[in-house]
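Data first, discussion second: the structure below is written as structure tokens.
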Amino acid sequence: MKFHVTESGKKLVTLIPGDGIGPEVIESARRIIEAAGVPIEWEVRQAGASVFKQGIQSGVPQDTIDSIRRTRVVLKGPLETPVGYGEKSANVTLRKLFETFGNIRPAREYPGVKTPYSGRGIDLVVIRENVEDLYAGIEHMQSPSVAQCLKLISRKGCEKIVRLAFEFARSEGRKKVHCATKANIMKMTEGMLKRTFEEIAPEYPDIEAYHIIIDNCAHQLVKMPEQFDVIVTTNMNGDIISDLTSALIGGLGFAPSANIGNEVAIFEAVHGSAPKYAGKNCINPTAVIGSAIMMLRHLEEFEAAAKIENALYVTLEEGKYMTRDVVGDARACTTTEYTDAIISNLGKTSQTWKAREHKPIKLFEAKPELGLIVPEKRRVIGFDLFIEKFASPEQIGKQLEELTEGTPVYLKMISNRGTKVYPSVGAMTDTVDHHRCRLVLREGLEELSDADIISFLQKVTTTGLFWNHIEKLQEFDGKLSFTKAQGED
Ligand code: NAP
């Protein structure tokens, strides 16, 4: 674990208040940490909406990056991201800039917070891969009416997150890890996490390892959440199920998180900037307080973390000061009153909270070449050509078949949004102007060269067919590197 201690013995932390309700929740956590007497020196920096307004497209200014490089530890409020248009998320930028590849999101039942699950002892942790998957953010409009987002999953990324999950389980004395994927459908991408998990699990014989399909995981989480201990999953799955798990224990106001990398750790609530509550002094700061507790453990301030956690639980057990998300508007206290109550309870011991084991997480040092697979033999056996045309598959198919005459490839099939539509099998697939045309090496030929592909593309352009994307079809050591279309033989 990395952090910076000043000459006067203080631990340096970059503090980003954030947008919307961010400054209020961050102020609450900061007051509690200071009241607990933790020796921290804050470097207050900006990111998010205020930075976009200054014209900095990334939402993360250089002096914030410089501060994080120095401190290696961040406590941050939520940052606003325009939905469906505009700048990219400054949150995701921060996570990626510092390769915080693992997002740890605990959901543990709180005393005094009534939910349909109260008394069932929910105490689970979602470990979400944090930098890959659909969050690579590589999107293209393939045609004016068809959008594409690339889902990139690497062997290295899978190994890092799987090892983090097992090491985290050990650090908290947990006994079970579920790997939740959609490997039944996305066999290569989601399947890579499953395969990596199954390879690595035997190295942790003290921990039970199970695979579960993500949709069933969502179902089981609602039906019997207490069966789970640690769940490791891909970025998008983890984003969604961790909001679900927060609802099991009282809502987003109670869900903390830690973004962990080998160099930097960023602590923040799972929730966003909840703009409708900004400045109203009414929101629940527990999620950020919980994130701050995780940060204190990262800073090896175990005693202070336990002291604050006890004070938080005592406050909830007393139930005198509760925010509106727990008790409704009529009985609610302000964010400030709730914070004051926690501060006044510092030093008291909770009757219900049982401390978990909290050893530092043993982070795995990934070598740059980790997961790099170099095949002995690679063979290009065709290519998928994506054609934009609003026409019937038969029309495009016939046109392409003419073009393939005298070339090393033949048209094996055309699919539309993944379903084979040519040659027709009599299905009733609706089609759009985005056709994936699979051109495959003729029998008896050994390999397709780049020159063959380029010369075919030149032929295509002369016909007025518009191609917008091409993907090579390869074999690595005799193994196909691509999936078949739905309905393809
Ligand atoms: P949100 O800000 O998390 O708010 C969704 C709802 O959750 C709120 O309306 C409120 O529910 C409840 N909630 C959230 N925080 C709460 C708290 N501290 N106390 C009590 N209730 C709380 O999600 P959003 O409205 O979808 O997103 C708003 C903005 O935040 C977007 O720009 C989004 O991109 C951004 N965002 C940032 C982060 C981040 O910085 N890590 C994460 C997620 C979203 P009720 O309406 O039921 O009261």
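Order of appearance sets the numbers: ligands from 1, and atoms from 1 within every ligand.
If you check each of Gly251, Gly18, Gly272, Ala47 against atom 3 (O) of ligand 1, the one with the closest non-hydrogen atom is Gly272. When the heavy-atom distances from atom 22 (C) of ligand 1 to Gly253, Pro285, Pro275 are ranked, the shortest goes to Gly253. Atom 4 (O) of ligand 1 has its nearest heavy-atom neighbour, among Ser89, Ser257, Gly22, Ala274, in Ala274. Nearest-heavy-atom check against atom 28 (C) of ligand 1 across Ala269, Ser246, Ser273, Gly77 picks out Ser273.
In this structure, the protein non-hydrogen atom closest to atom 37 (C) of ligand 1 is Leu79 O, 3.1 Å. Protein heavy atom nearest atom 21 (N) of ligand 1, with residue, atom name and distance: Asp325 CB, 4.3 Å. Looking from atom 11 (O) of ligand 1 to the surrounding protein, the closest heavy atom is Tyr277 CE1, 4.4 Å.
Within the 4.0 Å heavy-atom criterion, both parts of Thr81, backbone and side chain, lie near ligand 1. Residue-level proximity to ligand 1 for Leu252 is carried by the side chain, the only part with a heavy atom below 4.0 angstrom. With a heavy-atom cut-off of 4.0 Å, Glu24 does not touch ligand 1 at all. No part of Asp19 comes within 4.0 Å of ligand 1, judged by heavy-atom distances.
Ring centers of Phe197 and Phe166: under 6.0 Å apart, within the cut-off. In summary, the aromatic rings of Phe267 and His298 are positioned with their centroids under 6.0 Å apart.
A salt bridge is defined here as a Lys NZ or Arg NE, NH1 or NH2 lying under 4.0 Å from an Asp or Glu carboxylate O, and Asp123 with Arg174 meets this definition. Here Glu263 pairs with Lys2 in a salt bridge; the nearest charged N to carboxylate O distance falls below 4.0 Å. Ion pairing between a basic and an acidic side chain is recognised when a charged N comes within 4.0 Å of a carboxylate O; Glu27 and Arg31 show no such pairing. Taking 4.0 Å as the cut-off between side-chain N and carboxylate O, Glu309 and Lys307 do not count as a salt-bridged pair.
Every residue two or more places apart in sequence or in another chain that forms a salt bridge (charged side-chain N to carboxylate O under 4.0 Å, His left out) with Glu190 is listed here: Lys151.
Inclusion of Glu80 in the set of residues having an N or O under 3.5 Å from an N or O of ligand 1 is not warranted.
Counting all heavy atoms, side chain and backbone alike, Asp325 lies closest to Gly253 at OD2-CA, 4.2 Å.
Within ligand 1, counting atoms from 1 as listed, the ones closer than 4.0 Å to a heavy atom of Asn91 are 37 (C), 38 (C), 39 (C), 40 (O), 41 (N).
Residue contacts with ligand 1: Val270 is included, with a non-hydrogen atom under 4.0 Å away. Residue contact annotation: Ile21 has a non-hydrogen atom under 4.0 Å from ligand 1.
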